[in-house]
Amino acid sequence: MEWTAEAIDQLRAFWAEGHSTAEIGRRMGISKNAVVGKAHRLNLDARPSPIRREAEGGERPAAQPRRATPPARDGAPLRRLDQSLAQPAAVVRPFQRVSARTCCWPLGEPGTPEFRFCSGDALTSKPYCQEHAAVAYVKARDRREDAA
DNA sequence: CCCTGATTCGC
DNA sequence: GCGAATCAGG
């Protein structure tokens, strides 16, 4: 995008009229990122942002490396996994077992796609299978190397 | 999913 | 300086 004086005037005009960045981009045949970026550099008055950036002093979790130009991989661009699709099924009903005879010992890191429950055969009147009941029910006297 | 604006940083 | 990628929210 060559930001001629005319283009900048047009951007300023649209911006002053209160159009959204994407709308301005559509009208000017450029991306909304181009509009936002230029508006920012022109110090046009900021629009109310829908997002709440971390307060001053708070450190970000180390932004991972980004590529200005993404590697185009043959016709099948990698898509960001939609967060709503990334929910492991186990999280939907975290404390409900398939049946009273199903072990509900948690396996893996909660919140990760790998997280699930054991689902082995639970002992009678216990929520865990034999293996996990042995871990779960330890006499206080005999505890040695629990408490990860 | 659609949308919004803000920020980062390779180019 | 530019703007895609990403973030973060509705």
Side-chain angles (χ1 to χ4, degrees), chain A residues 1-123 126-129 131-138 143 145-148:
Chain A
M1 179 67 185
E2 190 192 349
W3 283 106
T4 61
E6 292 74 29
I8 292 174
D9 282 348
Q10 200 176 26
L11 169 59
R12 283 203 158 101
F14 283 137
W15 191 267
E17 288 169 33
H19 296 291
S20 73
T21 57
E23 176 64 19
I24 295 171
R26 280 190 291 268
R27 297 199 186 195
M28 296 183 65
I30 59 181
S31 73
K32 68 133 192 174
N33 288 327
V35 172
V36 168
K38 187 57 179 175
H40 199 250
R41 286 188 295 274
L42 286 174
N43 280 305
L44 299 184
D45 41 286
R47 299 283 176 58
S49 173
I51 71 173
R52 173 187 52 83
R53 251 20 194 179
E54 196 61 39
E56 204 69 32
E59 62 254 35
R60 295 173 296 108
Q64 62 263 66
R66 297 167 17 268
R67 208 65 40 196
T69 305
R73 8 189 75 106
D74 33 66
L78 294 177
R79 303 188 56 129
R80 189 163 56 137
L81 192 59
D82 189 79
Q83 291 181 346
S84 64
L85 299 177
Q87 286 291 340
V91 172
V92 177
R93 295 184 301 164
F95 303 114
Q96 205 166 122
R97 283 178 290 156
V98 173
S99 81
R101 299 195 186 283
T102 305
C103 178
C104 63
W105 188 264
L107 299 172
E109 189 65 24
T112 67
E114 292 77 28
F115 179 79
R116 78 276 183 209
F117 293 98
C118 166
S119 81
D121 257 310
L123 265 30
K126 291 231 173 11
Y128 306 120
C129 67
E131 174 193 349
H132 291 129
V135 185
Y137 301 103
V138 179
R143 264 185 301 184
E145 52 199 87
D146 56 344

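Residue numbers begin at 1 in each chain, while the letters A, B, ... track the order of the sequences.
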*Asks:* Whole angstrom is fine here: how far is it from CG in A:L11 over to P in C:dC2?
*Replies:*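 Nearest whole value for this atom pair: 11 Å.
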*Asks:* Using OP1 and OP2 only, check whether a side-chain N or O of A:S31 sits under 4.0 Å from C:dG3.
*Replies:*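 Looking at the OP1 and OP2 atoms of C:dG3, neither is under 4.0 Å from any side-chain N or O of A:S31.
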*Asks:* Taking only the side-chain nitrogens and oxygens of A:R41, find out if one of them lies under 4.0 Å from OP1 or OP2 of C:dC2.
*Replies:*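 For C:dC2, OP1/OP2 do have a side-chain N/O of A:R41 under 4.0 Å.
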*Asks:* What is the separation between atom CD on A:E23 and atom P on B:dT4, rounded to the nearest whole Å?
*Replies:*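 Interatomic distance, CD of A:E23 to P of B:dT4: 8 Å.
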*Asks:* A:N33 has an atom CG; how far is it from atom P of C:dT6, in whole Å?
*Replies:*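 Computing the A:N33:CG to C:dT6:P distance gives 11 Å.
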*Asks:* Find the distance A:I24:CD1 to B:dG5:C1' and express it as a whole number of Å.
*Replies:*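 Going from A:I24 (CD1) to B:dG5 (C1'), I get 11 Å.
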*Asks:* Flag the pair A:W3 / A:L11 as yes when at least one side-chain heavy-atom distance between them is below 4.5 Å, and no otherwise.
*Replies:*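 Contact flag for A:W3/A:L11 side chains = yes.
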*Asks:* In whole Å, I'd like the distance from the NZ atom of A:K32 to the P atom of B:dT7.
*Replies:*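 Atom NZ in A:K32 sits about 13 Å away from atom P in B:dT7.
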*Asks:* CG of A:N43 versus C1' of C:dC2: gap in Å, rounded?
*Replies:*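 Nearest whole value for this atom pair: 16 Å.
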*Asks:* So, do A:T102 and A:S119 sit near enough that their side-chain heavy atoms are less than 4.5 Å apart?
*Replies:*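 With C-beta onward as the side chain, the pair touches.
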*Asks:* Tell me: CG of A:L44 to P of B:dG5, nearest whole Å?
*Replies:*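 For the pair A:L44 CG and B:dG5 P, the rounded distance is 13 Å.
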*Asks:* Only one of A:Q10, A:H19, A:K32 passes side-chain contact (heavy atoms from CB on, under 4.5 Å) with A:I24; say which it is.
*Replies:*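 Of the listed options, the one satisfying the test is A:H19.
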*Asks:* Could you tell me whether the phosphate oxygens of B:dG5, OP1 or OP2, come under 4.0 Å of any side-chain nitrogen or oxygen in A:H40?
*Replies:*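 For A:H40, the contact criterion (side-chain N or O under 4.0 Å from OP1 or OP2 of B:dG5) is not met.
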*Asks:* Picking from B:dT4, B:dA6, C:dC2, which would you name as closest to the side chain of A:A46?
*Replies:*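 Nearest to the side-chain atoms of A:A46, counting from C-beta on, is B:dA6.
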*Asks:* In whole Å, I'd like the distance from the CG atom of A:L42 to the C1' atom of C:dC2.
*Replies:*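 Interatomic distance, CG of A:L42 to C1' of C:dC2: 12 Å.
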*Asks:* Considering just the side-chain nitrogens and oxygens of A:K38, establish if one lies under 4.0 Å of OP1 or OP2 belonging to C:dG1.
*Replies:*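 Indeed not, no polar side-chain atom of A:K38 lies that close.
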*Asks:* Nearest 0.5 Å please: distance from the CD atom of A:E23 over to the CZ atom of A:R26.
*Replies:*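 One finds 4.5 Å between CD of A:E23 and CZ of A:R26.
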